Amino acid sequence: MRATELTDPSPCTRTLDAPDTADIWVSRMKARVKIFTYGCQMNDLDSLKIQTEFSRRGFTATGYTREADVIVINTCSVRQKAYEKAMSNLGRLSALKRARPSLVIAVTGCVAQQDREGLLRRMPHVDLVVGTHQLHLLPDLVQDALKGARGRVVAEFSTCIPFMDTIPDTTLSAEPHRAYVTVMQGCDNFCSYCIVPHVRGPEISRRAESVIGEIRAHASQGVREVFLLGQNVNSYRGGMSFPELLRAIHSIDGIERIRFTTSHPKDANDDLVACFRDLPKLCSHIHLPFQSGSDRVLVAMNRHYTREWYLELIERFREARPDIAFSADVMVGFPGETEQDFMETMDVIERVRFDVLYSFKYSVRPMTAAASLADDVPAREKSRRLVVLQARQREITLENNMRRVGSTYDVLVDGASTRVEGQVKGRTTHNAIVNFTGERSLVGRTVRVTVTRAQQNSLTGVLSDAA
Ligand code: SF4
């Protein structure tokens, strides 16, 4: 898990609208906001929406912690490491707060929802704790805090999440041609290791009209790719099913690519598979977390599928879209995981040959069912299994990448390459990163690129022609 700092002050200092009269005092102050983001793409999107809302009220963004009047720590608690990173950053801010008591520090996201008042007790320099269902209140709470109302906790679950309908200003993001769009939030699955249902709450789907309206608005602003987000998009119920939503989005002019994450394998049905056969704008990639290759462990994880069922599902997707690429999440060292269980996980990796695998050591999360089990796989053994798994996956990824050498792909250009001066980078429909020599003016366009070389984490190519 990483912390993303919205570090580029230049695009962030733009304001979108004139501030409301009620907010004029804030504009006069030119309050500056710094946002730290931990965790997944949903948190990245929440931070962009937070930034958008602040910008609409006349706040400016800053890349510099020391000059901020407001610091938002948007947290993740899915893994212990992400939780500790957020806490450590928060701890470091206490010195800044002592030096400048007017500074407002707000904690949002999963840790805010998890720790609530406990966070204020442990970190008295925190002014606001705002949970996952209440982010729409953050700008008002910050304005109140700037006037002196500090030490507030707002973290109740609600039956609707107004923030899902907030349309982020994609021009504030590094990739204005791509829009991340929330379709649902929360989870009813209660996998035994997972804290998400406890901190994001039950599943709540956004109305399809709202999703489609947002995407139409993005398309009119030049967005080419939409990335639909939810903890389990396959259980979307916003007036239509998720496959129906995909078909509706597919018909929106201007949208060239559709991606989504995350899919629970048990809810990936024939209609979803058929979308990969029928909808050319749907990218040739699906993220299908399998977590373990052992049926025994899958039962203990409360995952509701077997390894054979998962492998058959992979084959159904391959029949529908033969060149589809797969990524997944997998865990080692779940309580009771034996060497045999681990070998079964390795066997799934051999059979599926994922392009990308996000692999983790099990860590106990509070409130979860697995927290009552003995964490009995020794830390050294968890590390060994992870090393073995990651080493093999690196080989498979490189082999998959090498198979792409000589092929030509449509690449949506994202920005300057971080690897080589004068190169730009983009993504294929399979979500593979390609670096190639090209002008910055190509950013946001789809071009044809022939792959000439494969690296571990990316491809190198040459421009064929503008598509
Ligand atoms: S499906 Fe399972 S792993 Fe995914 S968010 Fe829900 S409880 Fe967590």
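We count ligands from 1, going down the list as the structure has it; atoms in each ligand are counted the same way. Being a predicted model, the structure only gives us computed values, none of them experimental.
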Next on the checklist: Do Asp329 and His287 pair up side chain to side chain, a donor and an acceptor below 3.5 Å, judged on atom types alone?
Outcome noted: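 Per modelled atom types, Asp329 and His287 side chains form a pair under 3.5 Å.
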
Item to check | Donor on one side chain, acceptor on other, Ser327 and His285, under 3.5 Å | outcome: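 Side-chain D/A pair, Ser327 to His285: present.
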
Checklist entry - Relative to the heavy atoms of His264, which atoms of ligand 1 are at a distance of less than 4.0 Å? => result 1 (S)

Checklist outcome for this item: Taking only non-hydrogen atoms of Arg303 and a 4.0 Å limit, the atoms of ligand 1 in range are 2 (Fe), 3 (S)

Checklist entry - Think Lys382 forms a cation-pi with Tyr362, using NZ or CZ under 6.0 Å from the six-ring centre and within 45 degrees of its axis? => result no

Item to check | Quiz item: cation-pi between Arg365 and Tyr193, 6.0 Å / 45° | outcome: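 Negative - Arg365 is either too far from the ring of Tyr193 or too far off its axis.
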
Checklist entry - Hey, are Arg385 and Glu337 close enough for a salt bridge, meaning a charged N less than 4.0 Å from a carboxylate O? => result yes

Checklist entry - Excluding waters, how many protein N/O/S atoms sit closer than 2.8 Å to atom 8 (Fe) of ligand 1? => result 1

Checklist entry - Applying a 4.0 Å heavy-atom criterion (strictly less than), which segment of Gln291 is in contact with ligand 1: side chain, backbone, both, or neither? => result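 Neither; nothing of Gln291 gets under 4.0 Å from ligand 1.
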
Checklist entry - Got a sec: does the CZ of Phe190 have more than 12 other heavy atoms crowding it under 6.0 Å? => result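 Yes, CZ of Phe190 has more than 12 neighbouring heavy atoms, counting only those of other groups under 6.0 Å.
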
Item to check | More than 12 heavy atoms of other groups within 6.0 Å of Met367 CE | outcome: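 Yes, the 6.0 Å shell around CE holds more than 12 heavy atoms from other groups.
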
